[in-house]
Amino acid sequence: MIQKKLFIQLSVFLIFNTLLYGQNQKKYERKLFFPDIDNYKTLLTDFHQHTVFSDGLVWPTIRVDEAVKDGLDAISLTEHLEYQPFAKDIPNPDRNRAYLVANDFAERINKSIDKKLIIVNGQEITRSMPPGHINAIFLEDANKLLHRNDSLKGIEEANKQNAFVFWNHPGWPAQRSDGIARLDDFHKYLIDNKLLHGIEVVNELYFSEEALDIALKNNLTIMGTSDIHGLVDWLFKVPDDNEIVNNYPGHRPITMVFAKSKNKKSIKEALFAGRTAVFYNELLIGKEENLKPLVEKCLLINSVNNLKLGYSEDGESTIKKIEIKNISDAPFLLKNLTPFTFETNSDIITIDPNSIHTISIKTKGNDFNGLKLEVLNAIIAPKKNLIIELLI
Ligand code: ZN
């Protein structure tokens with residue numbers, strides 16, 4: 001009995017994989033792509049990374065190379081301000097050095113690449129909980145943040161420099177044994193006094209629904225970052241250009257920033273205004289007002305045609321064939337919310353990254369002006385998915 005069950009499971013697995021293999025096998029372009037939305041550019045960022053200037057394992061120029069490979073628009077190297085395990089070899093008396101080294105290198109290579117990379121000066125204020133680890137980006141001088149005996153002073157100094165300040169991995173098990181992100185009085189003080197502006201809902205390999213809840217209830221900007229210490233390729237299993245990939249290729253978590261234009265000032269304005277969305281594994285996470293316009297630009301109704309039959313005893317068919325095109329690097333898992341049923345599948349459809357998917361819908365002769373869909377892999381609040389409308 002168990003053997004038979006196993007056999008069936010194995011067969012289903014093999015058939016499913018063969019289908020996936022056939023459909024998804026294609027040459028891979030590593031650079032991430034998401035379309036701009038109305039009035040804003042969609043900028044791809046990773047504002048939490050480490051190098052040998054704290055406990056990371058690479059020189060800052062490698063972070064620039066990785067970001068260019070991933071097609072990012074802006075990054076920050078946020079070294080641990082108070083944790084310098086390589087100080088014997090890299091004394092690092094000027095805490096702006098990681099930024100300066102990366103920025104010099106980026107300025108040089110930006111001359112020869114289409115998509116310019118912006119480097120933002122940042123630092124990770126590294127304290128026990130509370131407040132835990134806090135990133136400050138868009139700093140003028142990182143050295144002024146170092147106040148070893150006072151958790152608040154560094155954060156206040158960052159704010160004096162008009163930095164954007166966000167709380168890193170708030171549910172990190174090393175600081176929250178239950179893995180649950182929650183606010184202490186210290187955090188409430190920071191939020192009430194506008195000293196804290198964002199929160200990571202995604203850090204490295206982890207997504208925190210509790211952090212998303214905190215973000216929404218306290219109007220904090222939703223952030224997702226790699227917090228990379230080693231190599232992006234290794235940790236996130238990123239294929240290289242032209243590799244044959246199956247299913248969904250690995251990528252680092254990114255924060256999409258919806259900015260008026262591509263420069264530091266606009267990125268900072270957008271972060272303070274909360275215009276972000278996170279792409280992490282196969283998930284999109286963000287406030288509805290940001291995620292809805294993005295997803296509605298990623299998915300387009302390519303064409304609508306009446307089903308043509310070679311033979312019919314029942315007049316012209318009222319079934320419509322609809323081509324949906326996904327121009328982004330995110331897959332979409334969609335649930336039909338229209339009153340109509342589909343002809344070839346259930347109410348759940350998957351649209352792979354950069355692909356065209358055809359569905360046929362039984363309209364029974366009713367007017368059909370578009371699709372209403374629940375995006376099962378787009379999260380706008382705990383236990384709440386995005387609903388979109390794709391109009392013809
Ligand atoms: Zn970190």
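All values reported here derive from a predicted model rather than from experimental measurement. When a ligand or atom number is given, it counts from 1 through the structure's own listing order.
- Classified by interplanar angle (parallel below 30°, tilted 30° to 60°, perpendicular above 60°), the ring pair Phe279/Phe34 is perpendicular.
- Ring centers of His133 and Trp172: under 6.0 Å apart, within the cut-off.
- For a distance bound of 2.8 Å, the N, O or S atoms of His50 include one lying that close to the Zn ion (ligand 1).
- Checked against the Zn ion (ligand 1), the N, O or S atom of Asp227 at the shortest distance is OD1.
- Ring planes of Phe272 and Phe164: perpendicular class, angle over 60° (limits at 30 and 60°).
- Its N, O or S atom nearest to the Zn ion (ligand 1) is what matters here, and for His48 that atom is NE2.
- For the Zn ion (ligand 1), the nearest N, O or S atom contributed by Glu124 is named OE1.
- For the pair Arg95 and Phe53, the cation does not sit on the ring face, since its NZ or CZ is not both under 6.0 Å from the ring centre and inside 45° of the axis.
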